[in-house]
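Contents: one structure, followed by commentary.
All values derive from a computational prediction rather than experimental measurement.
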Number of protein chains: 2
Amino acid sequence: MNSQYTIAVHCLIVLAKTPDHVWNSESLSQKVHAHPARIRKIMSSLRKNGLVETKEGLGGGYRMGCDPRACTLARIYQSISCEPLKLSWCATGCAQDPEFDRIRSVMDFAFTGAERGLEEYLDHWSIDSLIKRTEQSVTQEPETMAAGINEQMNAHIKKIGGEG
Amino acid sequence: MNSQYTIAVHCLIVLAKTPDHVWNSESLSQKVHAHPARIRKIMSSLRKNGLVETKEGLGGGYRMGCDPRACTLARIYQSISCEPLKLSWCATGCAQDPEFDRIRSVMDFAFTGAERGLEEYLDHWSIDSLIKRTEQSVTQEPETMAAGINEQMNAHIKKIGGEG
DNA sequence: TAAACTGTATCTATTATAATTACACTAATC
DNA sequence: GATTAGTGTAATTATAATAGATACAGTTTA
């Protein structure tokens with residue numbers, strides 16, 4: 001998962017924690033340890049998906065654009081469109097290989113399902129739940145959530161017909 | 001997902017389809033469209049996890065090392081250790097920022113769960129099930145395509161007045 | 001002993017990523 | 001309306017990750 005994503009989540013946590021404050025890219029960049037222009041670019045993506053509000057001009061900057069409980073990691077994922085599970089096919093000049101294409105399409109199918117499952121998982125985390133967890137700052141057992149996820153995955157596999 | 005992974009899966013499909021044949025890195029590289037040295041490196045990882053058998057020396061090469069039904073995408077994933085969901089934290093010099101570290105550890109926690117879910121999902125796919133699926137698409141697609149071509153041909157024959 | 005392999009390290013080329021710079025545009029304030 | 005402080009975005013440069021290429025030691029067969 002690329003750093004755009006972690007930067008986006010980090011910024012949203014900062015914004016959600018200070019609902020009344022407007023942050024500019026300079027101050028956010030110091031919080032998040034990234035370049036202001038990069039912050040602006042990432043925030044721009046989030047704005048297009050309604051996750052943050054931006055204001056140009058003097059005194060402008062960024063503010064939370066939605067309820068932190070509704071701001072799920074899935075929505076952020078979709079805003080950034082990082083596609084970590086997209087398969088890489090570096091092969092050059094395989095246009096004349098139908099067998100290659102067939103394998104490729106079947107694998108792409110399998111990993112489309114994987115990505116869908118990932119998004120369902122990420123839908124269970126929100127900026128709000130992340131903040132609450134940082135405040136607890138105690139590592140709990142991930143088993144309950146993991147178990148729920150596995151059930152989802154299984155349902156998903158049935159749905160798309162994996163190894164059916 | 002990096003191309004090491006797709007190359008590994010592709011090679012395993014080739015090996016599983018020809019259980020009695022020993023492939024060397026040169027012949028595999030032509031099938032898979034990658035450099036022989038790269039094939040050897042990837043196969044070496046798979047060997048360490050028991051997915052392929054390798055034999056050095058004259059007449060040596062690679063052969064399937066396990067039942068294709070037991071060769072799941074999860075095992076291949078673990079062999080390659082590509083870690084597509086590993087969070088990237090490009091921030092430099094954040095050693096003195098405890099708040100940053102807390103956010104980081106909570107997010108790492110969330111994505112550890114995501115990766116576990118992914119592996120559970122991939123455990124439902126095997127080299128065997130992938131091969132079966134490619135064979136399905138073989139028997140399906142050519143029929144529909146042939147039908148389409150025949151229609152085109154017939155239309156074309158009418159147009160030029162063949163068989164008149 | 002020679003030939004045909006794997007295993008692995010190293011170097012180079014290419015690509016992806018991140019930082020930097022620059023500037024047009026916007027909005028508030030004097 | 002001029003100035004100031006901000007976003008939006010493109011272009012350029014620097015750096016890191018990835019893939020290809022080469023080389024050679026070690027292994028097995030004949």
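Near-neighbour residues of DNA chain C inside residues 19-30 of chain B, defined by a heavy atom below 4.0 Å, number-ordered: B/N24, B/S25.
Judged by distance alone, with hydrogens and angles left aside, the side-chain atoms of A/H124 form a donor-acceptor pair with the main-chain N or O of A/E120 at under 3.5 Å.
With distances taken from any side-chain atom of B/R47 to the nucleotides C/dG7, C/dT21, D/dG8, the minimum falls on C/dG7. Nearest to the side chain of A/A37, among C/dT6, D/dG8, C/dT20, sits C/dT20. Here the side chain of B/R40 is nearest to one of D/dT7, C/dT21, D/dA23, namely D/dA23.
Residues B/Y121 and A/L118 fail the side-chain proximity criterion, which asks for heavy atoms closer than 4.5 Å.
The existence of a salt bridge linking A/K17 and B/E99 is confirmed by a sub-4.0 Å separation between a basic side-chain nitrogen and an acidic carboxylate oxygen.
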Atom pairs and distances, side-chain donor-acceptor, residues 20-28 of chain B, under 3.5 Å, sequence neighbours left out:
residue: B/H21; atom: ND1; partner: B/W23; partner atom: NE1; Å: 3.3
residue: B/W23; atom: NE1; partner: B/T18; partner atom: OG1; Å: 2.8
residue: B/N24; atom: OD1; partner: B/E26; partner atom: N; Å: 3.2
residue: B/N24; atom: OD1; partner: B/S27; partner atom: N; Å: 2.8
residue: B/N24; atom: OD1; partner: B/S27; partner atom: OG; Å: 3.0
residue: B/S25; atom: OG; partner: B/R40; partner atom: NH1; Å: 3.1
residue: B/E26; atom: OE2; partner: B/Q30; partner atom: NE2; Å: 3.0
residue: B/S27; atom: OG; partner: B/N24; partner atom: N; Å: 3.3
residue: B/S27; atom: OG; partner: B/N24; partner atom: O; Å: 3.0

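With axes fitted over five pairs at each extremity, the angle between the ends of the helix from C/dT1-D/dA30 to C/dC30-D/dG1 is 10° (10° resolution).
Taking the six-membered ring for Trp and the full ring otherwise, A/F111 and B/Y5 have centroids separated by under 6.0 Å.
Remark: B/H35 is in phosphate contact with D/dA21, judged by side-chain N or O atoms under 4.0 Å from OP1 or OP2.
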Letter per nucleotide, 5' to 3', of nucleotides 25-30 of chain D [B base touched, S only sugar-phosphate touched, - untouched; heavy atoms, 4.0 Å]: -BBBB-
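In terms of the side-chain contact (heavy atoms from CB on, under 4.5 Å) criterion, residue partners of B/D67 (sequence neighbours excluded) are, by chain and number, B/R69, B/A70.
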Would you list the protein and nucleotides 11-17 of chain C atom pairs, both N or O, that sit under 3.5 Å from each other?
none

